[in-house]
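What follows is a set of notes on a single structure, which appears directly below.
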Amino acid sequence: MIVKFNPVFSHTIWGGDKLRTDWGFDEKGDDIGECWSIAAHAHGDVSVSGGEFDGMKLSELWAEHRELFGNIQGDRFPLLVKIITAAGDLSIQVHPDDAYAREHENGSLGKTECWYVLDCEEDSKLVIGHNAKTKEELNKMIDEGRWTDFIREIPIKKGDFLTIVPGTVHAIKGGVTVIESQQNSDITYRVYDYDRLQNGKPRELHIDKSKDVITVPAASVEESVIAEDGSTGSKELLSCKYFDIFRVNVDGEEDFSEKRPFLLCTVINGEGKADDIDIKKGDSFMVSAGYEKIRFTGNMSLIISSLP
């Protein structure tokens, strides 16, 4: 079956109103930073929209109807998909791997993630990586607050795809919208937050943990970024041990045949149908186990994630 979801939202210091004005979500406020489109996490658990399981949380669906997920094993739903729209710059941050998170964050998963750039202003940049050559140089740059020397900004454009493995220093900057596909984790270590205040106080930084997990030297830009080629049909953007990511451009009709336990789909532009289900920009849904082929019709683009 196809299972549609009601998203949940996160209000942030760097958020804005684009998730309402550009994406049509019914969420109040001018500080909406994140739409958790498909999530079964303590900080955001989406609910089923319509059908047999209407109103059920994704975490409940995972616990009680594992057949929909191909009867795969695991103590938690493995993936998380969110749309992030930044009016201001996000903090400079880094994520741990599974081993470090398990030891230091009460058994949490680590966080491997990737971004597909949905929208950005001309001459936009993102923070990916750093300029330190050794661990000693990294520690000194951080301790001395030499952020301009430390941080590596790269130019980006709509359709760029960026892979962010644990240990990668990164940050989304104001004016950029991405769809993020990731492990089911919310562990983020802030290295630097531009000395901003929230409720009159600086937000917590995690300097020692950041120093522990940042990879030195950073991976090259070429290893981190893939440019969109504009092709129709399905394009695999990433295959790693945690997930596979595809971009599907539909111009009329497109079949997606992947014999996976399940597919997580978000419409990032346009509208159409998934078999006989109406879908439009911003809609997220799961194609359950047993679907050997899903037919998309219309004029639209989707990002699809699955287990490898």
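- A cation-pi contact, defined as under 6.0 Å to the ring centre and within 45° of the axis, links Lys281 to Trp23.
- Although no hydrogens or angles enter the test, the distance criterion places a donor-acceptor pair under 3.5 Å between the side chain of Asp275 and the main chain of Arg295.
- At distances below 3.5 Å, not a single donor-acceptor pair connects side-chain atoms of Ser124 with backbone N or O atoms of Cys120.
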Working for side chain to side chain contact (heavy atoms under 4.5 Å, CB included), residues Leu19 and Ile83: CA-CA 8 Å; Leu19 282 167; Ile83 299 168; 3.9 Å; yes
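- Between atom CE of residue Met1 and atom CZ of residue Phe285 there is a gap of 14.5 Å, rounded to the nearest 0.5 Å.
- The hydrophobic clustering, which links ILVMFWY residues whose side-chain heavy atoms are closer than 4.5 Å, places Phe262 and Val3 together.
- Here the straight-line distance linking atom NZ of Lys4 with atom CE of Met286 works out to 14.0 Å at 0.5 Å rounding.
- Other residues, nucleotides and ligands contribute more than 12 heavy atoms inside 6.0 Å of the NZ atom of Lys235.
- Summarising the geometry, atom OG belonging to Ser47 is positioned 11.0 Å from atom CG belonging to Leu61; distances are rounded to the nearest 0.5 Å.
- Screening residues 83-95 for salt bridge (Lys or Arg N to Asp or Glu O under 4.0 Å), with sequence neighbours left out, gives Asp89-Lys173.
- Between the side chains of Ser301 and Asn249, at least one donor N or O lies within less than 3.5 Å of an accepting N or O.
- A donor-acceptor contact shorter than 3.5 Å links the side chain of Gln182 to the backbone of Ser185.
- Phe296 and Ile268 are members of different hydrophobic clusters when ILVMFWY side chains are connected at heavy-atom separations under 4.5 Å.
- More than 12 heavy-atom neighbours from other residues, nucleotides or ligands sit within 6.0 angstrom of CG on Asn71.
- In the model, Ser284 has a side-chain atom that pairs as donor or acceptor with a side-chain atom of Thr266 under 3.5 Å.
- Across all non-hydrogen atoms, the minimal contact from Lys111 to Pro166 is O-CG, 3.6 Å.
- Taking all atoms of both residues into account, the shortest heavy-atom contact from Arg196 to Leu90 is NH2-C, 3.7 Å.
- A pairwise comparison of heavy atoms in Trp62 and Asp75 identifies NE1-C, 4.2 Å as the closest pair.
- Counting all heavy atoms, side chain and backbone alike, Asn6 lies closest to Val46 at O-CB, 3.2 Å.
- Contact check for Ile128 versus Val225: no side-chain heavy atoms found under the 4.5 Å cut-off.
- Side-chain contact annotation: Glu27 with His11, donor-acceptor N/O pair under 3.5 Å present.
- Between Phe69 and Phe77, a ring centre-to-centre spacing shorter than 6.0 Å is recorded.
- In this structure, Arg190 and Arg203 have side chains that are in contact, with non-hydrogen atoms separated by less than 4.5 Å.
- A single hydrophobic cluster is seen to contain both Leu263 and Met300, as judged by linkage of ILVMFWY side chains at heavy-atom distances under 4.5 Å, directly or through other members.
- Here the two rings, on Phe25 and Phe9, have centers that are under 6.0 Å apart.
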Ser220/Glu223 under side-chain hydrogen bond (donor to acceptor under 3.5 Å, both in side chains): CA gap, chis, key distance, verdict: CA-CA 5 Å; Ser220 68; Glu223 292 176 87; 3.0 Å; yes
Chi angles and distances behind the side chain to side chain contact (heavy atoms under 4.5 Å, CB included) call for Leu80, Gln183: CA-CA 6 Å; Leu80 198 159; Gln183 289 178 268; over 6 Å; no
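- The CD1 atom of Ile304 sits 6.5 Å away from the OG atom of Ser234 when rounded to the nearest 0.5 Å.
- Between Asp244 and Ser306, the side chains place no donor N or O within less than 3.5 Å of an acceptor N or O (distance only, hydrogens not considered).
- A tilted orientation is assigned to the rings of Phe53 and His65, their planes being inclined by 30° to 60°.
- Put simply, the side chain of Asp98 gets close to the backbone of Gly110: a donor and an acceptor are under 3.5 Å apart.
- The environment of Lys135 atom NZ is dense: over 12 non-hydrogen atoms of other residues, nucleotides or ligands sit within 6.0 angstrom.
- Using a 4.5 Å cut-off between side-chain heavy atoms of Ile, Leu, Val, Met, Phe, Trp and Tyr, with links allowed through other members, Ile156 and Val178 fall into the same hydrophobic cluster.
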For a side chain to side chain contact (heavy atoms under 4.5 Å, CB included) check, start with the C-alpha distance between Cys265 and Phe256, then their side-chain angles and the critical distance, and finish with the verdict. CA-CA 11 Å; Cys265 309; Phe256 190 89; over 6 Å; no
Trace of the salt bridge (Lys or Arg N to Asp or Glu O under 4.0 Å) decision for Asp278 with Lys273: CA-CA 5 Å; Asp278 290 330; Lys273 289 180 179 289; 2.6 Å; yes
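- Contact record, Asp17 with Gly29: CB-O, 4.3 Å, taken as the closest heavy-atom pair.
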With salt bridge (Lys or Arg N to Asp or Glu O under 4.0 Å) as the test, would you mind laying out the steps for Asp160 and Lys157 before giving the verdict? CA-CA 6 Å; Asp160 281 351; Lys157 61 184 182 305; 3.2 Å; yes
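- By the neighbour-count criterion of 12 heavy atoms within 6.0 Å, atom CD of Glu292 is sparsely surrounded, having that number or fewer from other residues, nucleotides or ligands.
- Side chain of Arg102 to main chain of Leu109: no donor-acceptor pair is present (N/O by atom type, distance under 3.5 Å, no hydrogens or angles).
- Rounding to the nearest 0.5 angstrom, the gap separating the CD1 atom in Ile245 from the CZ atom in Phe161 is 5.5 Å.
- Inspection of the Asp45 and Ser59 side chains reveals an N or O donor paired with an N or O acceptor under 3.5 Å.
- Hydrophobic cluster membership of Ile187, counting Ile, Leu, Val, Met, Phe, Trp and Tyr whose side-chain heavy atoms lie under 4.5 Å apart directly or via other members: Ile92, Val94, Tyr100, Val127, Leu138, Met141, Ile142, Trp147, Phe150, Ile151, Val169, Tyr189, Val191, Tyr192, Tyr194, Leu205, Ile207, Val213, Ile214, Val216.
- Within a 6.0 Å sphere centred on CG of Asp229, heavy atoms belonging to other residues, nucleotides or ligands number more than 12.
- Between the Thr134 side chain and the Glu137 main chain, a donor and an acceptor come within less than 3.5 Å of each other.
- The CD1 atom of Ile164 lies 8.0 Å from the CG atom of Leu126; values are rounded to the nearest 0.5 Å.
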Apply salt bridge (Lys or Arg N to Asp or Glu O under 4.0 Å) to the pair Lys211 and Asp143, showing each step before the final yes or no. CA-CA 10 Å; Lys211 289 178 178 178; Asp143 291 342; 2.5 Å; yes
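- A pairwise comparison of heavy atoms in Ser181 and Ile303 identifies OG-CG2, 4.3 Å as the closest pair.
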Could you check Lys82 against Ile179 for side chain to side chain contact (heavy atoms under 4.5 Å, CB included), going step by step and ending with a plain yes or no? CA-CA 6 Å; Lys82 60 176 77 164; Ile179 181 168; over 6 Å; no
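- Side-chain polar atoms of Asn184 and His41 form no donor-acceptor pair below 3.5 angstrom.
- Proximity of a side-chain donor or acceptor of Arg260 to a complementary backbone N or O of Leu307 within less than 3.5 Å is detected.
- No chain of hydrophobic side-chain contacts below 4.5 Å, direct or via other Ile, Leu, Val, Met, Phe, Trp or Tyr residues, connects Tyr291 to Leu68.
- Note: His170 and His95 have tilted aromatic rings, judged against thresholds of 30 and 60 degrees for the angle between ring planes.
- Partner Tyr116 forms a side-chain hydrogen bond (donor to acceptor under 3.5 Å, both in side chains) with one of Arg247, Glu228, Glu180, Lys158 and no other, that one being Glu228.
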